[in-house]
Amino acid sequence: MSAGNTLDDTDTLKILIATDIHLGYLEKDAVRGGDTLDTFDEILRCAQDNEVDFILLGGDLFHDNKPSRKTLHTCMELLRKYCMGDTPIQFEILSDQSVNFGFSKFPWVNYQDGNLNISIPVFSVHGNHDDPTGADALCALDLLSCAGLINHFGRTMSVEKIDISPVLIQKGDTRLALYGLGAIPDERLYRMFVNKQVTMLRPKEEEDSWFNMFVIHQNRSKHGATNYIPEQFLDDFLDLVIWGHEHECKIAPARNEQQLFYVSQPGSSVVTSLSPGEAVKKHIGLLRIKGKKMNMQKIPLKTTRQFFIEDVVLGDHPDIFNQDHPKVTQKIEAFCVEKVDALLDVAERERIGNPHQPEKPLIRLRVDYSGGFEPFNTLRFSQRFVERVANPKDIIHFFRHREHKERNDTKINFEKFANKSSEGMTLRVEDLVKQYFETAENSIQLSLLTERGMGEAVQEFVDKEEKDAIDELVKFQLEKTQRFLKERRIDAIEDKIDEEVRQFRETRRKNMGEEDEEVKEAITRARAHRAEGKGVSSFVSDDDMENIDERNADSDENTSLPTRGRGRGRGSSRSQSSSTGRGGSRRGSRSSGKETGKESRGGSSRAYKAPVVTQTRNKSIQEAFKASSQRPAPTISTEIIISDDSDMDDVSLSRSSKLNQRTSSISASFSKRDSKGVSFYDDEEDDDEDEYDPFKSSTSSRRARR
């Protein structure tokens, strides 16, 4: 690779690369609470000092899907401090920005907004920690994007086909095609690559003159059969892949000899798990691109807290530890104290000359006590180092190496999962659900749902706070099973119904694509119901709730009621009780507005009809298929008027004078190129195409494109 300073000219793009910053991690910790914000400050200051053209983030800017106000406020403060100014932007966007940033209300790059002065644009994809969720599928990055602080790209909502359109950037004679793909469940994306449902679009004009860079946030290392993305799935026309999500720093570009591109894994900028991969020194990268050449300069982070980890196997020291000795446990504890003291001495020596580094390091001692040894009291041990280490409660981790035995009646080993989590492995709720039902008794096995579908619904409930996800999935599967049995015209015999249900369930388990659609539909319905509940609750008083509860209590008939949204379709009840609203104020205007279908607030309204709910919803499967002579239960159709401010929905898309730069430049058109999936073969028509080796001189040899 060439020296970095020889590439700094009007044709060189300078990009600061960072991934997995995890703002807000352990923000309530008295010692480590400010680590992520301090490091983010250093990253932005480094970008400003090196006068980069833009910053590229590879996902997981925030640690939580819903970051705290303090974390979000500090992030916006730092972005405004370092990324706003009068410094002119030296590159231009040639692609259709309404496609690149189509999910934003302001679908153009922020530095071309006439209301903003941007000196360092920030481009970012979302990660698995800060991915879009909720009824409106928004994430924290969308808030920053709406404020004009970052450019959120690489977002897709389809589970059937993904078309990745690049952001085309030009500076002088250098052209960069920047591809991005936010975090998607690994198993789903793996299957889409296999089925060739992922397409990367390429510009038609001078296709070979572009430097193609791809930002991805997925598992790189194999965590399961399909729970990762192999590098061979990516297209071979790429020149460099920036791989987020993996926390071990491997920022030096490594060549993939099969696909002939380079992969850079910057790793996280903060330690989030006490595992060996996190102990590698943290770096960010200063990437220089000129033509088809590149140079990656490693920049060590100075504000990252030190982390040292060491393994101790007690069985390897028979001369020190004798199991029969009455004080062997005290000897083990003293031995561990010496080890921790030695690591603290190393940390102190390395911290000399770096005043920005936190004083207290992170220390991890993993002790294998296999062979009959007993662990000592870790709480008492941690009291020795409260004032010297940042993680006194987590210094010692005891574990055993056990032989794996094949047993069918074993119970779930939750401790095993917990240990893996503490060592940096991701604890996945769907894995626990799957293992639970695999080892559970037949009496508590699932009969309608599949383990995978239930696991994803529970994951949505836990991670994304979709409280109705499980309920909606159960209802969705119940309705679908009932329709299936009706179409088959099954006799109302319990054994036959059970057999058909089992066969139907096995069919769904084999069709993973259909199962993904079912889970997505259930989550969508959960979000829609939650949105409806918010809209309805504003029109219902406390007295209305009491009246509805009294009606439900006094009713002895099997009248079917809507399963969601309390109080819907009670127009007369609302108008009668509106005079007893809170604070003595009347709500008659709202009630009449709902009854007449008019709304005075916005001057316009739109009617929304809730789904028709039948009595079959509340029946068991067997009852739903009794003799058809029974008269079906009456249906209740409710209508909800949702106010709609038309002036609030209109977003001005007028561009400033800066936007003329884009329209005057060449219009980039794209041609679709199917992803190779898992088929790897040579394209004979591309054998003689010229390529530059990014790590060799300009007289690089020609390589055959696969």
Side-chain angles (χ1 to χ4, degrees), residues 16 18-47 55-83 122-134 137-147 149-152 155 182-183 217 244-247 249 266-275 277-278 282 284 301-307 356-358 360 362 390-391 393-394 421-422 424 426-427 429 459-460 462-466:
L16 190 79
T19 66
D20 297 273
I21 299 174
H22 287 273
L23 293 177
Y25 176 70
L26 291 183
E27 62 178 340
K28 296 182 180 180
D29 188 282
V31 178
R32 304 167 63 185
D35 286 2
T36 58
L37 298 173
D38 293 340
T39 303
F40 189 48
D41 183 284
E42 179 187 3
I43 292 172
L44 296 179
R45 186 172 63 251
C46 181
I55 299 172
L56 181 61
L57 303 180
D60 281 352
L61 175 61
F62 295 96
H63 182 73
D64 295 319
N65 189 265
K66 298 177 181 178
S68 67
R69 283 176 289 184
K70 176 186 176 182
T71 298
L72 193 59
H73 176 270
T74 308
C75 175
M76 299 176 72
E77 175 189 342
L78 294 174
L79 288 171
R80 179 171 178 173
K81 176 182 178 181
Y82 290 104
C83 298
V122 180
F123 294 85
S124 178
V125 299
H126 64 262
N128 60 307
H129 280 259
D130 51 13
D131 59 328
T133 185
L138 295 175
C139 63
L141 294 185
D142 292 318
L143 301 181
L144 301 180
S145 176
C146 186
L149 297 174
I150 69 166
N151 302 289
H152 182 198
R155 182 172 172 179
H217 190 97
H245 184 63
E246 299 287 353
H247 282 205
C249 183
S268 65
S269 58
V270 64
V271 177
T272 61
S273 62
L274 304 178
S275 60
E278 295 273 20
K282 303 294 185 181
I284 56 177
L301 291 172
K302 299 179 181 179
T303 58
T304 302
R305 191 175 296 273
Q306 296 170 292
F307 174 41
H356 302 290
Q357 199 160 44
K360 296 181 180 180
L362 296 169
N391 61 318
K393 296 181 180 179
D394 301 323
S421 177
S422 64
T426 303
L427 181 62
V429 175
Q459 186 77 26
E460 288 286 331
V462 174
D463 290 348
K464 309 299 168 55
E465 298 183 8
E466 291 293 347

*Is there side-chain contact between Asp131 and Cys139, with at least one heavy-atom pair below 4.5 Å?*
no
*asked:* Could you tell me if the side chain of Leu72 sits less than 4.5 Å from the side chain of Leu144, heavy atoms only?
replied: yes
*Heavy atoms, side chains only, cut-off 4.5 Å: are Asn128 and Asp60 in contact?*
yes
*Closest heavy-atom contact between Ile284 and Ala18?*
CG2-CB, 3.9 Å
*Let me see the working for Thr71 and Ser68 under side-chain hydrogen bond (donor to acceptor under 3.5 Å, both in side chains), right down to the final yes or no.*
CA-CA 5 Å; Thr71 298; Ser68 67; 3.1 Å; yes
*Under the salt bridge (charged side-chain N to carboxylate O under 4.0 Å, His left out) rule, what do Asp142 and Arg155 come out as? Steps first, then yes or no, please.*
CA-CA 11 Å; Asp142 292 318; Arg155 182 172 172 179; 3.0 Å; yes
_Worked check of side chain to side chain contact (heavy atoms under 4.5 Å, CB included) between Gln357 and Arg305_ = CA-CA 6 Å; Gln357 199 160 44; Arg305 191 175 296 273; over 6 Å; no
*asked:* Do Phe123 and Ile55 make a side-chain contact, defined as non-hydrogen atoms from C-beta onward lying under 4.5 Å apart?
replied: no
*Quick one: are Glu42 and Lys302 in side-chain contact, heavy atoms under 4.5 Å?*
yes
*Do the non-hydrogen side-chain atoms of Leu79 and Ile150 ever get within less than 4.5 Å of each other?*
yes
*Could you pull out all residues at least two apart from Glu278 that satisfy side chain to side chain contact (heavy atoms under 4.5 Å, CB included)?*
His247, Ser268, Val271, Thr272, Ser273, Ser275, Lys282, Phe307
*asked:* Give me each pair satisfying salt bridge (charged side-chain N to carboxylate O under 4.0 Å, His left out) with a member in residues 74-83, each pair once, sequence neighbours excluded.
replied: none
*Pairwise side-chain contact, Ser145 with Asn151, heavy-atom cut-off 4.5 Å (strictly under)*: no
*Quick one: does Ser269's side chain get under 4.5 Å of Asp20's, heavy atoms only?*
no
*asked:* Checking Tyr25 now: which residues fulfil ring pair (Phe, Tyr, Trp, His ring centres under 6.0 Å) with it, not counting sequence neighbours?
replied: His63
_Check against side chain to side chain contact (heavy atoms under 4.5 Å, CB included), Leu23 and Leu37_ = CA-CA 6 Å; Leu23 293 177; Leu37 298 173; 3.8 Å; yes
*Are the side chain of Asp35 and the backbone of Val270 linked by a donor-acceptor contact shorter than 3.5 Å?*
no
*Reported OH-to-CG distance for the pair Tyr82 and Leu78, which is rounded to 0.5 angstrom*: 6.5 Å
